[in-house]
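If you read the sequence from its start, that first residue is 1, and numbering goes on from there. This one's a predicted model, so the numbers in the text were calculated from it and none came from an experiment.
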Amino acid sequence: MGTPLPKSAPLEGDARRWKALVFIALAQLMVVLDATIVNIALPSAQTDLGISDANRQWVITAYALAFGGLLLFGGRIADLWGRKQTFVTGLIGFALASAIGGAAQNEAMMLGARALQGLFGALLAPAALSLLAVMFTDAKERAKAFGIYGAIAGGGGAVGLILGGFLTEYLNWRWTFFVNIPFAAVAALGAVLVIREPAGGRNRSPLDIPGVVLSTLGLVSLVYGFTRAESNGWSDATTYGLFIAAAVLLLAFVAVEARVKHPLLPLRVVTDRNRGGVYASLGLAVIAMFGLFLFLTYYLQVVQGFSPVKTGFAFLPMIAGMITGSTQIGARLMTRVSPRLLMGPGFLLAALGMLILTQLSVDSSYAGLILPGQLLLGLGMGTAFMPAMSLATIGVEARDAGVASAMVNTSQQVGGAIGTALLNTIAASATTAYLADHAAGARNAQLLQAQAQVSGYTHAIWWAVGILTVSAAIAFTLINTRAPGSGTVTASGDTEGVEDEFRIPVVAH
């Protein structure tokens with residue numbers, strides 16, 4: 001674990017850690033908003049590049065498969081190469097891939113760029129989170145840092161809707177790709193200048209090639225299975241085959257990891273009760289959240305007739321709630337109360353916000369219904385996300401920080417794929433059923449279609465309420481660690497007084 005910092009030594013680079021947080025947060029924002037910003041631009045890009053309706057989903061799917069499938073590998077690379085080097089490499093690669101996407105002249109060029117974005121995103125995301133994990137060891141500092149990071153992780157997708165709407169409406173869809181270049185350039189330059197990674201935290205063990213192959217193929221099969229279920233239905237033979245392949249590959253991966261000397265994902269990372277609880281509850285919460293983004297976007301634009309820019313601004317209350325919950329509630333209470341007393345109530349508050357949104361109708365008031373629902377959802381998610389992000393990496397040996405961080409991103413990515421496919425299928429089925437039940441007596445076909453769509457959305461949102469309730473139950477049941485207090489977070493997840501030695505070394509290279 002390296003040599004502990006002497007008690008008398010100053011905290012070298014202390015001020016730099018906060019400067020580094022700015023650039024880490026900027027990089028995380030770029031990755032998260034990219035997941036939604038392209039959605040707004042897709043119709044325009046499809047027309048310009050001549051992408052068929054059958055293939056347009058691959059603009060989203062190519063990114064999701066590369067990102068979700070390679071996250072564990074990216075986390076291990078961060079442990080092997082060093083987080084700073086992996087972080088900067090990911091930023092440069094993401095910027096180059098974005099430039100290719102913005103300059104795309106045909107379908108193949110666009111899909112290739114999206115896959116490359118996913119690949120470099122899989123390097124960048126775990127490196128960013130693991131840098132926070134090893135740089136911020138004081139419990140109070142860690143709470144503030146993860147409060148900011150959690151707000152960005154939760155609200156970045158909604159920021160993408162706003163930015164995507166502006167760029168598409170007032171400039172050109174290509175700017176939804178080009179905008180990543182200045183983000184990445186500033187973050188990379190800042191990282192080179194101010195990030196000083198703690199010493200002694202690399203894992204220089206040989207790369208577990210069988211683990212890399214099995215985990216990548218297994219996660220790709222799982223994410224693609226849910227993506228295909230959304231477009232081709234759950235009864236599709238290929239969908240079944242992908243789920244079976246994912247199960248076999250991931251079970252084989254677990255078997256290999258239990259036996260090899262230097263595993264890609266040490267099972268000690270995921271079998272820890274508290275971390276396991278975080279991964280499960282966070283993944284389920286993301287299922288509910290991604291589904292709501294989708295339905296509210298369609299509701300506001302298709303049913304209410306909002307423009308892309310107005311739709312983006314309509315999500316601002318949710319972003320404000322997330323930032324408030326993460327930085328003002330989660331960060332302030334994390335050192336005083338058990339994480340489960342933030343995560344459990346946070347998910348329940350988010351479920352209450354969802355419950356309000358189950359009352360949507362064709363002519364619902366934004367101020368009277370959608371606004372309070374979003375505020376509660378944002379507050380709850382922000383309060384829960386912040387301690388979840390911290391707890392997922394607390395107590396992890398420094399050599400495992402990258403892969404533990406990758407598991408956080410993997411649970412979110414797989415949760416997003418499941419949420420989009422599962423809830424969209426539920427909504428589509430409910431819409432079809434409503435049309436069948438009400439078609440006979442309908443006098444206005446357009447109104448009937450809108451009512452059927454809203455019925456589909458509300459059915460799916462009811463499911464999201466249930467999923468968030470299960471997330472809260474998991475958090476209350478599995479997470480039993482106490483508040484970290486105000487000392488220093490150690491490798492075992494306990495805390496010590498400020499006068500004690502650091503177990504996670506903070507001596508800069």
Side-chain angles (χ1 to χ4, degrees), residues 129 132-133 139 142-143 146-147 149-151 153-155 269-292 318 321-355 376-396 404-405 407-416 418-419 422-423 461-485 489 493-495:
L129 183 55
L132 290 190
R142 186 180 179 92
F146 276 85
Y149 187 89
V269 171
V270 291
T271 54
D272 176 86
R273 173 175 177 161
N274 289 288
R275 277 194 294 277
V278 168
Y279 297 145
S281 60
L282 197 59
L284 284 170
V286 170
I287 290 176
M289 192 170 165
F290 265 63
L292 184 77
M318 189 186 301
M322 284 179 179
I323 293 172
T324 303
S326 188
T327 61
Q328 301 304 310
I329 301 175
R332 290 176 183 272
L333 295 180
M334 195 181 87
T335 58
R336 302 177 187 177
V337 302
S338 166
R340 69 177 177 177
L341 297 181
L342 290 173
M343 291 177 62
F347 289 137
L348 288 178
L349 186 61
L352 179 60
M354 288 278 198
L355 190 63
L376 289 176
L377 178 65
L379 273 173
M381 284 296 199
T383 300
F385 265 49
M386 185 265 153
M389 292 287 186
S390 177
L391 186 57
T393 52
I394 216 171
V396 178
S405 302
M407 276 301 299
V408 178
N409 295 110
T410 300
S411 67
Q412 290 179 298
Q413 183 66 21
V414 173
I418 295 171
L422 177 63
L423 297 182
I461 293 171
W462 270 110
W463 277 78
V465 171
I467 291 168
L468 280 171
T469 305
V470 173
S471 291
I474 291 173
F476 279 125
T477 305
L478 289 184
I479 297 172
N480 63 0
T481 186
R482 62 185 184 274
V489 179
D494 299 324
T495 56

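When all heavy atoms are compared, the tightest approach of Leu377 to Met318 is CD2-CE, 3.7 Å. Scanning both residues, Ala351 and Val465, for their nearest heavy atoms gives O-CG2, 3.9 Å. The two residues Met407 and Tyr279 come nearest to each other via the heavy atoms CB-CZ, 3.5 Å. Minimum heavy-atom separation, Gly344 to Ala472: O-CB, 3.5 Å. Across all their heavy atoms, Ser281 and Ala475 have their closest contact at CB-N, 4.4 Å.
A donor-acceptor pair under 3.5 Å is absent between the side-chain atoms of Ser326 and the main chain of Met322, judged by distance alone.
Rounding to the nearest 0.5 Å gives a distance of 11.5 Å between OG1 of Thr383 and CG of Leu348. Interatomic distance, CE of Met289 versus CG of Leu423, reported as 13.5 Å (0.5 Å rounding). Rounding to the nearest 0.5 angstrom, the gap separating the CG atom in Asn274 from the CG atom in Asn480 is 5.0 Å. Taking CG from Asp272 and CG from Leu478, the interatomic distance works out to 10.5 Å, rounded to the nearest 0.5 Å. Atom CD1 in Ile479 sits 3.5 Å away from atom CE in Met343 (nearest 0.5 Å). In this structure, Leu284 CG and Phe347 CZ are separated by 8.5 Å, a value rounded to the nearest 0.5 Å.
Using a 4.5 Å heavy-atom cutoff, the side chains of Ser411 and Val286 are not in contact. Looking at heavy atoms from C-beta onward, Met381 lies in side-chain contact with Leu468 at the 4.5 angstrom threshold.
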